[in-house]
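Below: the structure, in C-alpha cells.
If you're wondering where the values come from, they're calculated on a predicted model, not measured in any experiment.
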Amino acid sequence: MNLLNSPDVRTLHLTPFAGGSAQMNTNVSNIENKRHHSDQADTTIWLPIFPTTMVLRLNIDQIEPATRDWICKVQIVEIGRPRESLDKKCTFQNLILEDEQECQIRAVMYTDEIEQYAATLKLFNTYLISTARVKVSPTSYGKPIHQFYWILDKETVIEQIKPSNEVEKPLPPPTNLNITSFDRIPHLMVDSPAEIDVLAVVLRCGPQKNAGRSHHRQNQFLFTLWEDFGEIEGHEISSKMATETDLLVIFGRSIGISTYQGLSLQTRYNSTVRVNPNYPQAVALLNWAKENKTMLLSSPSDTTSTSSSIAPMIVTPSGQQLISIAEISSAPSMGVFYVQAEMAILDEFQDFCVLECSGCKQKKRTKDRKDFDCPKCNRKTSLVPRCSFQIDLIDDTATTTSSISAELGEKLLSMTAEDIFDITCTKRQSLSLNHVHEMLSSKVFEIQLRKSSWSSSNTTTTTLSILSYMEKQHIPQSATDRTSKKIKHLEISEVEVMATTAAAAPSNALGKFEPPTPTKKV
C-alpha cells in the first residue's frame, strides 16, 4: 500500500485495477508488438501505463454522503449487541468508530455483514475502511455523536491493520470519553429519548426489586439493567462482585434517565455496558475506589428486602437549602428544588396509573394491555401499568400541583400499580383514599422537586414532579430561618453506582474525584 502527498489532493491512496499485474503484462506485450512493426509505420505514439484509480485518504469529518472514493483509518471503540429489527426481517449491529483525530461516528452492519465480519471486527482493533455508505444521522434519540453515520455493506472494503504492519501502525488505545457527571443528571430532562454516557463505581448489585438501602453521603444512583442487559452484564457484575475483593467500574453508553425508583438510570435498546474498561479515566477511577473502599462501604445497609414495595431512592445532595413553593413558581430556571410542605390528593377522580412499554418505559395513552410493536425497542413488547397521579403541595406561601409516579406513588397509596390498574381500569371503580388522607393529615414532608418545561405549537408547558420525599421529623424548633434546614437523603439500588464527581459532600466525606482526560499519545 503506497501513500503519497499531493499539493492538490491532500493525501492519496493509489490502488491498482483488479488483476493489475496481469493487465500491465498484457499492455507491455502490446507495446512490444507495436515496436516490432514500427519500421513500417510513419509515426509511433508511446502511451505510459499507470494505475489511474486514486482514493482520497480522509478523516471522519471530511467524509460526506457525496464524497466518493475515500479511505479512512479508524479504531472500533464500541460494539453493540446484534439486535432484531422491528419487522423481524433482519438483524443489525451498531459500532462506534474513532479516527486519528479522535473524531467518532456510528456505523451499522446488517445480517450478512454481521456474520461475515464476526471474526474480524473486534473492539479496539484498527482498520482501513473504504467507501462505506454515508447517511444523515436521525435526531429522534437525542443529539447523535456525528451528523452522519456509516453503513458497512457488501461494497465496503474493510482491511485490518495488524500490530505487525510496518507501514500502517494501529491506533493507540482510545481516551476520548463524553461523560456526563452525576451532579448534572438532576438538571437534565428525564423520561425523554435523550441518552448519556456515564462512568461510575458500582457499590452494590442485586436482582430487580431486591436491593438493599444505603445511607452514603455521596451522589449515588440506581442503575437498572433491563432484560438481556440484566441477564448478561448484570450476571457478570454480580459474579465479579461476589468473587473479587475490589470494587468495579462500569462505563455505560446511551444510558437513559428515568424517574423509575426516583431519579435513576436505565439501559435502553442500543445501550452498551462495559465492566472495568481499559480507558485511562476508568483506571484512575478504579484506583481511587480501591484506596477509598473502606470509606465507600462503611455506612450500614438494611437487610435486603424482597417486598414489592421498595423505599424510593433519594438523590438529594446533603446540605441543600429549602425554598418556598412561591419561590419555585416564580423561578425562571428549570432544575431541582427542595421544599417543606404538606401533601394532599384533592382530585380523587383522576387516573392513578398509566400504561407504558415494558422495555423503554415510554408512556402510552391506551388502556388496552395487548402486545404492540414498540418503535423505540424495535420489537414486539407488552404494556405494563405504572402508578402516576397528581398531588397538591401546600406551604405558608402558596399551593401548587406536582406529579408523583412509580414506586414513590405506590408507597404513598399503599398499593401496587397492578392493583391500581385492576381497580380503576379493569373493574372501573374509584380508589378508596381514606387511608391516604388520614396518613397525610397534619404532616409536613421534605420534598425534592424537579421543574421541567417543553414547548409545542407556540406554547410552553411547565410541570413539577416529585423525585423524593420523606416525613419531616418532629424536632424542637430553633429560632433559625426555615430555609437553613437540611434534607436527609436515602438511596437504594439494584446496581447502585457512584459518580465520578461527588456534589455538595460534607467536610468529613470523601473528596471530589474527577478523573483527568489524558493526552492521547501516538
Side-chain angles (χ1 to χ4, degrees), residues 78 81 123 177 179 181-182 185 196-256 258 260-268 271-307 310-315 489-502 509-510 513 515:
E78 191 58 82
R81 190 169 294 141
L123 192 66
L177 297 179
I179 300 169
S181 62
F182 276 18
I185 291 177
I196 62 174
D197 296 349
V198 295
L199 181 68
V201 177
V202 181
L203 298 182
R204 273 167 294 279
C205 178
Q208 183 177 354
K209 290 187 178 296
N210 188 22
R213 285 178 287 177
S214 144
H215 298 275
H216 289 306
R217 290 177 177 266
Q218 295 289 337
N219 201 4
Q220 302 172 14
F221 279 86
L222 168 75
F223 181 26
T224 303
L225 306 178
W226 292 106
E227 299 184 342
D228 55 348
F229 288 102
E231 298 170 2
I232 300 174
E233 285 82 1
H235 178 72
E236 177 186 2
I237 294 171
S238 179
S239 299
K240 286 181 178 292
M241 294 193 73
T243 57
E244 298 182 7
T245 57
D246 293 327
L247 295 174
L248 303 180
V249 168
I250 61 170
F251 174 49
R253 292 185 189 265
S254 301
I255 303 302
S258 173
Y260 175 77
Q261 296 254 23
L263 188 63
S264 62
L265 304 175
Q266 61 181 4
T267 54
R268 288 192 174 160
S271 297
T272 57
V273 178
R274 300 289 174 186
V275 181
N276 290 342
N278 195 29
Y279 281 91
Q281 299 95 321
V283 174
L285 180 59
L286 183 60
N287 291 335
W288 176 82
K290 290 179 181 179
E291 296 174 359
N292 295 278
K293 178 181 177 181
T294 302
M295 184 70 72
L296 289 171
L297 300 179
S298 61
S299 297
S301 299
D302 292 344
T303 303
T304 299
S305 169
T306 58
S307 169
I310 300 181
M313 181 192 75
I314 300 179
V315 295
H489 67 290
L490 175 69
E491 289 139 3
I492 174 172
S493 70
E494 293 162 5
V495 174
E496 189 173 0
V497 293
M498 192 192 71
T500 56
T501 58
L510 291 174
F513 174 81

Euclidean distance, Asn276 CG relative to Ile250 CD1, rounded to 0.5 Å = 10.0 Å

query = Considering residues, nucleotides and ligands other than Asn278, do more than 12 of their heavy atoms fall under 6.0 Å from its CG?
reply = no

ask   = Any side-chain heavy atom of Phe251 sitting closer than 4.5 Å to one from Val275?
value = no

Side chain to side chain contact (heavy atoms under 4.5 Å, CB included) partners for Asp246, two or more places apart = Lys290

ask   = To the nearest 0.5 Å, what is the distance between CZ (Arg253) and OG1 (Thr272)?
value = 6.0 Å

task = For Ser271, enumerate each residue passing the side chain to side chain contact (heavy atoms under 4.5 Å, CB included) test, keeping only those at least two apart in sequence or located in another chain.
result = Phe229, Ser254, Ile255, Thr267, Arg268

task = Report the distance from atom CH2 of Trp288 to atom CG of Leu247, rounding to the nearest 0.5 Å.
result = 9.5 Å

Indicate every side-chain donor-acceptor pair of residues 230-243 with a distance under 3.5 Å to a residue at least two apart or in another chain.
from   : atom 1 : to     : atom 2 : distance (Å)
Glu233 : OE1    : Arg81  : NH2    : 2.9
Glu233 : OE2    : Arg81  : NH2    : 2.4
Ser239 : OG     : His235 : O      : 2.8
Thr243 : OG1    : Ser239 : O      : 2.9

request  = Decide yes or no for Val249 and Leu199: does some side-chain heavy atom of the first lie under 4.5 Å from some side-chain heavy atom of the second?
outcome  = yes

ask   = Do Val198 and Phe223 have side-chain heavy atoms sitting under 4.5 Å apart?
value = no

query = Rounded to the nearest 0.5 Å, how far apart are CZ of Phe182 and CD1 of Ile196?
reply = 7.5 Å

